[in-house]
Structures are given as structure tokens and as C-alpha cells.
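Just so it is clear, the structure is predicted and the values come from calculations on it, not from any experiment. Below, read A as the first sequence line, B as the second, and so on, with proteins coming before strands; counting in each chain starts at 1.
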Amino acid sequence: MELWLVVVISALFVLSFYLLLQRSISRILLGLLVLSNAANLLIFTVPGLKRGISPIIKGDSLAGMPHADPLPQALILTAIVISMGVLAFALALSMKLKKWLQIEDVNEMVEE
Amino acid sequence: MRELIVVSGPLLALLTAIACLFFWNSPRIQRYLNLLGGLAHLTASSFLFVKVLNLGPQVLKMGGWTAPYGIVYVADLTSSILLMVTGLLATVIALYNFGGGIDEARERFGFHALSQFLIFGVSGAFVTGDIFNLYVCFEILLMSSFVLMVLGNTKEQLVGAFKYIVINLLSSTFFLVSIGMLYAQVGTLDFADLSVKLSTFSELPVSLQIISHLLFIAFGIKAGLFPLFFWLPASYHNPPIPASALFAGLLTKVGLYSLIRLYTFLFPHQGTGTFEWMWWISVATMVIGVIGAVSKMHIRRILSVHIISQVGYVTLALSLMTPIALAAALYYMIHNMLAKTSLFLISGIVENSNGTDYLKRTGGLFSSKIWLSVLFLVSALGLAGLPPLSGFFAKLFVVKAAADVGSYGSILVVLGVSVFTLFSMLKIWNEAFWKAPPVGAEFHPDQSFCGKFYSPQMISIFILSSGVLLMGVFAGPIFDVLTTAAQGMLDPTLYVEAVLGIGGS
């Protein structure tokens, strides 16, 4: 399972870097989207995946039982919210670039 | 309750920002709130500094959870000093906004609230004791800087902001990925706990080395180090002056602060190879930054590109890794925060009196604004490093630290780059202040904004320039405090004891 996730994560990173290196603004945005998801998936995977019970303590129910590590999930939750906000902003910005300034390609961004 | 003083800086900034949001329709009140917030920040962090100086690092355990499990905020000497400078800059820039320093259209769209959110992020990054919260604070300050950068919707701003956002998101992702891997390897995210656990390695395993390099790239992008700085000259000169000044004074410095924490707390045993690399990168940053600055013809562009060169000085000192070098790095950082912000604010007045900051179309300011010229000279020569101003001592300490470890190449680079710094500052002086105004450049500035000695703008510039002068005059005592701060960074025993209790975990 972990091995497969590693393959998926690498594929996502490769895809995102490919998209980030494109000239079209919308592709760069897609690249950022994929990149943030790849990062989240990586945090989810690296501490090791465990099939077990959820880490909620009732009495000593967790004693000796395999349980999932809640911290990476808390980190991902925070990271997802942050990346959503930032990407929404980037999306709005690219809309402005496209509709107001007719810029769709980073080559048009040269300074005078 | 009394531990709350540790987070007083970020908390006050957050409260001010929220208060500003309540007065969305009255920019006047927001302006006063912004100034009040800055003053409160400065006062609280000065108290914190005195407390830390007397009693050692102060810790706030959020919700009472003990350290490696709960979230802690820690103010050691370095954090509290930087917090104090942040408060000073916040106050001074808020003062600059009075009487036309910022246009009302931007004020109406939340400029004051955003700048306080930025201060919130910056101060949070300085006091957090947890690497994930450092990431969160980075995002807070980035998010506010994104909005500040596009506020006003001019073409240059939008285009510059896009480059800025993409590269910064990339760097944040690197940061996030390395946090995830660090947690997987070490099992903790608390600075103190990380420092204890990582110090058990006599030699770093490859996996941790990769993490440290990833973090270096992430912070290097934020700080503007050599191959990673291209976003900075593309974006910093576009936003309005007070926003530019905030960026110039604070943003790259947070990156530098994180780099210092990274190599003192987490990976001091990185091995000489890394520091040698860092030395070369710093030299390239310094040289390319200063040559870029010399080649520009707009004041704000000269100043923005120049930030890069200054960042190089700090990392050069950091790469030497002795207490004196680290103290020199801190001294340089603080000096740079004051001098750079002052110069950016001055460039605002120059721009307003001439209608442009393009050097070929400016001139004659020495005859019309003698006080501004004097203050410019203090800040500019301070930046270039003439005695008795702060830049001279900043460079002297770096040179001394380099001489102590026999790194004569550093001395050569430091002195060579200062000559070019002086040259680029004199270029601004000659073109904007000294030469006669160009023929045909008829521009009638708004005199209420830029003329008088008692205008809020002049007072804020005066405060910063006198800061540059005083840092030079009191270089000895300041450097002593910074040496203590540097020792606290290099040997985090006190910090660890404060966070985890005596003897570590």
C-alpha cells in the first residue's frame, strides 16, 4: 500500500513540476494545485500507514493496540485549508490577468 | 496569564487587524488604530525583551499542555530583539501613512488591516517554538503580503504578484514536505525537542541531510538567496511605498531568521561541506545583488535589488558559525531592517516630489528639501557602511568574525561589495538630490505630503535614521547583548531547559 502511494506521490510531483514549467497561466495554476495535493499526500504517507483503530482514548482502550498517528492528519488538515485559500487567491489573480490585461502566457509578463 | 507576554506581539497585531475590520468604512479610524497597534506592539515587546534579558527564555504553553506534545511559543533573546524591531517598524510605517502616505482608495480596501495581519505573521514566526507553526505563520504573512501586493490593481502590481505568488507557494510546499519528512524521521516538531533529538546524531543520516537541504531551499527562496531570488526584483518595487517598506524591512528577514534557527538549533552538525556551500552562495548573492542594484535606474528598483546583496552578508556571517559571526549576522539584520525601511520611505517622498522615481527625471532635492537630504545621507551612508553609522559596525563585526576564523576571502568580498553599495547609494544621491532638476520636468507635487519638516513622513524617517545613527553610537553594548543572543542560539541548553524542563525530556 505504502509503495503504491509513493509511486502516486512521485507521479504527482513530476506532473506538477511539468505543469509549473509551462508558459500558460492556467497550467501553472493546475501545477500548484497538484503540487499542494502531492505534498499533503506525502505527509500522510511518510510516518507510515497503519491499519488500526482511531486514536481516541476510552479508559485504556489504546494500550498495546495499533493506532493511527493523529498528528500528520492534523497537519494535513491545516495545510489543506491554507493551500485552498492561497489557491483561491491565485485563481482570482489569474482571472484578473486574463480578463483585464489579456495576459494568458508568462512571456507576456515582460517588463517594459 | 502572565506568560501571555510571550505572544503579546502577534496577539496585539491580530487584535488591531480585527479592530480595523470593524471600522471598514472609516479609513481615518483605521489609520489611528494601525498606529496604536504598532505602539502597543513596540511597548509589549520591549517589556518582553527586558524580561528575557533578566530571566532567560520565556515560554507560553498553549492550553497548558507540556512541551513536546502541546504547542509552545518561546521568546529567547533573539526572538525578543527581532520582535522589538518589528514593533518599531510597524509603528514607524503606520506613522508614515498619515497625511497622504498611502492613497485613500487603498486604505478603503483594508490596507491597515492587511499590514497588521502581516505584522501578526512576522511576529508569530519570530516567537513560535514549533516548526509547523513557523509554517503557519509564514503562510499568514505571505497571504497578507499577496493581498498587499495586488492592492490597487495596477498592471505592474498584478504581473509582479503572480511571479511572487507562484514562487512562494513552491517554497511553502518545500517547507511543508520537509516538515512532514522531519516528523516521520524524528517524531517531533517542537524546536527544543528537535534540537535534543537531533543532537544525538554524531553524523547526520542521508535522509536528514536531504530534509535540511530542502529546508535550506525553502528558506533560501523566502530570504532571496542567490539562484532563488528572481521573484524579488520582479515584485518588490510595485506595491505602494508603505507596503514596499514593510516587505523590505520584514519579509526576507523572516527567511533569514528561519535559516539561522535551522542551522543553529536543528542541524548545527551539518558538517563543513554545507557551510562551505553556503559561503559560496552568500558570496554570489552579495555580488550579484549589488551589481544588479548598480545597473538599475529607478530608486525603488535599486533599493529592492539591493536587499538581495544585504541578505548575502547575513548568510555569509551565518556560514562562519562562531558566536561572534552569529552576533554579527543579527546586528547586520537589525541594521538592515532600519536602514532599508528608512530608504524606502525616503524614496516615497522623492517619488511624490518628482512624480517619478526614475533617476533621469529627478533632481534638485538638495536645494528644496535639505532635511530630507540629510536623513537620506544618514541612511544611505549607513547602509554603505561609513562610520559612525550602524553599517560600518555591522561590516566591521562580519570582517572581525571572518578574520577570527581566517576566512580572508570573506573580508575581500565584504569590503569589495561595500564599495559598490556606496556607489549605488551615491548614484541616487547625485541624480535625485544633488543635480539640478531636469529641464522640462514640470511637476507640481502635493506640497502637504512632502514638504514640511514636521510632516508625519519626515518624523517616521527621522526615527529610523536616528536608529541607524544610534545603533552605530551604541554599537558596543548592542553587540554585547547580541553576542549573548548568539550564544543562546548556538548552545540551546537554556532554551531547551525553559521549554522541556531541566535536563531535557
Q: Considering only heavy atoms, which portion of A:F17 lies under 4.5 Å from any heavy atom of chain B: side chain, backbone, both, or neither?
A: side chain
Q: Distance from B:M143 atom CE to A:I82 atom CD1, nearest 0.5 Å?
A: 10.0 Å
Q: Side-chain contact test, heavy atoms from C-beta onward, threshold under 4.5 Å: evaluate it for A:N40 versus B:L176 and give yes or no.
A: yes
Q: Is it the case that atom CE in B:M62 sees more than 12 heavy atoms from other parts of the structure closer than 6.0 Å?
A: yes
Q: Hey, can you tell me if B:F146 and A:F89 have their rings parallel, tilted or perpendicular (30° and 60° cut-offs)?
A: parallel
Q: Could you tell me whether B:K155 atom NZ has more than 12 heavy atoms of other residues or ligands within 6.0 Å of it?
A: no
Q: Could you give me the CA-CA distance, side-chain angles and deciding distance for A:T78 and B:Y135, then say whether side-chain contact (heavy atoms from CB on, under 4.5 Å) is met?
A: CA-CA 10 Å; A:T78 317; B:Y135 165 76; 5.8 Å; no
Q: Measure distances from A:L35 to the heavy atoms of chain B and classify the residue's part below 4.5 Å as side chain, backbone, both or neither.
A: both
Q: Looking only at non-hydrogen atoms, find the nearest pair between A:V46 and B:G180 and report the distance.
A: CG2-O, 3.7 Å
Q: Using a cut-off of 6.0 Å, state whether more than 12 heavy atoms not belonging to B:M297 lie near its atom CE.
A: yes
Q: Please state whether the side chain, the backbone, both or neither of B:L189 comes within less than 4.5 Å of a heavy atom of chain A.
A: side chain
Q: With a 4.5 angstrom heavy-atom cut-off, which part of A:L20 approaches chain B: side chain, backbone, both or neither?
A: side chain
Q: Carefully, step by step, assess A:I43 and B:Y183 under the rule side-chain contact (heavy atoms from CB on, under 4.5 Å).
A: CA-CA 9 Å; A:I43 299 176; B:Y183 180 71; over 6 Å; no
Q: In terms of heavy-atom proximity below 4.5 Å to chain A, should B:F162 be classed as side chain, backbone, both, or neither?
A: both
Q: How long is the gap from CD1 on A:I28 to NZ on B:K163, to the nearest 0.5 Å?
A: 11.0 Å
Q: Do you know which of A:L93, A:L75, A:I103 has the most heavy-atom pairs under 4.5 Å to chain B?
A: A:L75
Q: Sort out for me which of B:V136, B:L169, B:N153, B:V150 touches chain A most, counting heavy-atom pairs under 4.5 Å.
A: B:N153
Q: Within a radius of less than 6.0 Å around CZ of A:F44, do more than 12 heavy atoms belonging to other residues, nucleotides or ligands occur?
A: no
Q: Between B:I165 and chain A, with a heavy-atom cut-off of 4.5 Å, which part of the residue counts as in contact: side chain, backbone, both or neither?
A: side chain
